[in-house]
Number of protein chains: 2
Amino acid sequence: MTQQLVFRAIADPTRRSIMTMLSSGERSLSDITAAFEMTRPAVAKHLNILREGGLVRVRKQGRERLHRLQPEALKTVSEWLSFFDQFWDEKLANLKQSVEMDDE
Amino acid sequence: MTQQLVFRAIADPTRRSIMTMLSSGERSLSDITAAFEMTRPAVAKHLNILREGGLVRVRKQGRERLHRLQPEALKTVSEWLSFFDQFWDEKLANLKQSVEMDDE
DNA sequence: ATAATATGAAACCTTTCAGTTTCTCTTTAT
DNA sequence: ATAAAGAGAAACTGAAAGGTTTCATATTAT
């Protein structure tokens with residue numbers, strides 16, 4: 001299932017950090033690597049996993065590969081989350097309240 | 001960081017499935033195990049990880065331990081997600097549209 | 001042409017993870 | 001009192017994850 005690849009991708013703190021970084025614009029592998037204390041191949045692997053999860057797209061430009069955030073893929077997570085909205089205490093309290101109001 | 005424990009917890013499909021199951025009410029370890037094709041200790045480990053992520057609370061009742069969903073812990077994920085809202089194409093389009101409307 | 005830059009890819013290592021089996025403990029039912 | 005049910009914990013296994021080093025390839029700059 002491809003949904004799993006998104007959850008997998010966002011499970012790692014380094015990858016979430018990369019996502020934040022890419023939110024301000026396209027970056028090359030070297031650029032991204034400079035911001036982390038790990039080797040280039042390690043970062044490249046993280047980017048691959050982000051790509052597999054659909055969270056990042058790559059564009060080739062000369063000898064560089066520019067990575068761009070693809071936040072639409074987060075919709076999967078968002079939808080999963082929304083299922084649980086109805087079970088939040090606050091929501092339940094609100095619902096309870098409105099039910100009580102209906103009684104009056 | 002405790003935030004990481006939530007992301008870790010929801011990364012596994014079995015654990016997400018357990019969460020869905022618990023959304024309909026408290027369940028004992030044996031109950032939950034019956035719904036999966038794995039041994040009881042395996043499920044117990046998943047429940048521990050969910051507990052570490054704050055997503056599940058346990059209540060002791062007799063010889064049973066009843067597990068209850070604690071969906072408030074998902075707020076962490078929800079807030080993380082919301083940061084990326086502004087980068088969604090749709091949102092950007094909407095924003096752009098409202099800006100254009102302001103010009104008129 | 002040659003050197004430097006940017007990256008891909010393979011091989012390897014170590015740790016974590018998901019799962020099992022086995023044993024023990026506590027609580028209830030007979 | 002004894003047996004059965006529910007669960008915790010430890011030891012082990014295989015696979016996946018995160019990382020490194022090393023080598024090869026494509027593109028740009030001198």
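Chain A is the first sequence line, chain B the second, and so forth, proteins listed ahead of strands; every chain is numbered from 1.
Nearest heavy-atom pair across A:Thr33 and A:Thr39 is CG2-C, 4.1 Å.
Rounded to an integer number of Å, the gap from B:Asp12 CG to C:dC17 C1' is 9 Å. Summarising the geometry, the separation between CZ on B:Arg16 and P on C:dA18 is reported as 12 Å, rounded to the nearest angstrom. When the C1' atom of D:dA7 is taken as reference, atom CD of B:Gln61 falls 14 Å away, rounded to whole Å. For the pair B:Leu66 CG and D:dG8 P, the interatomic distance rounds to 11 Å; values are reported in whole Å. Protein atom CD of B:Gln4 is 14 Å distant from nucleotide atom C1' of C:dC17, rounded to whole Å. B:Ile10 has its CD1 atom 15 Å from the P atom of C:dC17, to the nearest Å.
Exactly one residue among B:Val58, B:Leu66, B:Asp31 makes a side chain to side chain contact (heavy atoms under 4.5 Å, CB included) with B:Glu26. That residue is B:Leu66.
A donor-acceptor pair shorter than 3.5 Å can be found between the side chains of A:Gln4 and B:Arg16. Looking at B:Arg27 and B:His67, their side chains never bring a donor and an acceptor atom within 3.5 Å of each other.
Nearest-nucleotide positions on DNA chain D for A:Arg8 and A:Arg40 put A:Arg8 closer to the 5' end.
Within the 4.5 Å cutoff, side-chain heavy atoms of B:Leu22 are placed close to those of B:Ile32. Side chains of A:Leu74 and A:Ile10 form a contact here, defined as non-hydrogen atoms less than 4.5 Å apart.
Expressed to the nearest 0.5 Å, how far CE of B:Met19 lies from CG of B:Leu55 amounts to 4.5 Å. Distance check, rounded to the nearest 0.5 Å: NZ of B:Lys45 to CZ of B:Arg40 gives 12.0 Å.
For C:dT20, one of the phosphate oxygens OP1 or OP2 lies less than 4.0 angstrom from a side-chain nitrogen or oxygen of B:Thr39. Side-chain nitrogen and oxygen atoms of A:Arg65 include none within less than 4.0 Å of the OP1 or OP2 phosphate oxygen of C:dA6.
Residues of residues 21-37 of chain B having a heavy atom closer than 4.0 Å to DNA chain D, listed by number: B:Ser28, B:Leu29, B:Ser30. Listed by residue number, A:Ala42, A:Lys45, A:His46, A:Ile49 are the residues of residues 42-58 of chain A with a heavy-atom contact under 4.0 Å to DNA chain D.
In the set D:dG6, C:dA9, D:dA9, D:dA9 carries the atom at the smallest distance from any side-chain atom of B:Pro41. The side chain of B:Lys60 sits closest to C:dT27 out of D:dA7, C:dT27, D:dG19.
A donor-acceptor contact under 3.5 Å is formed by the side chain of A:Arg63 with the base of C:dT5.
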Inset, instruction - Quick one: do B:Trp80 and B:Phe7 satisfy side-chain contact (heavy atoms from CB on, under 4.5 Å)? Show the steps, please. - result: CA-CA 10 Å; B:Trp80 176 79; B:Phe7 282 96; 3.8 Å; yes
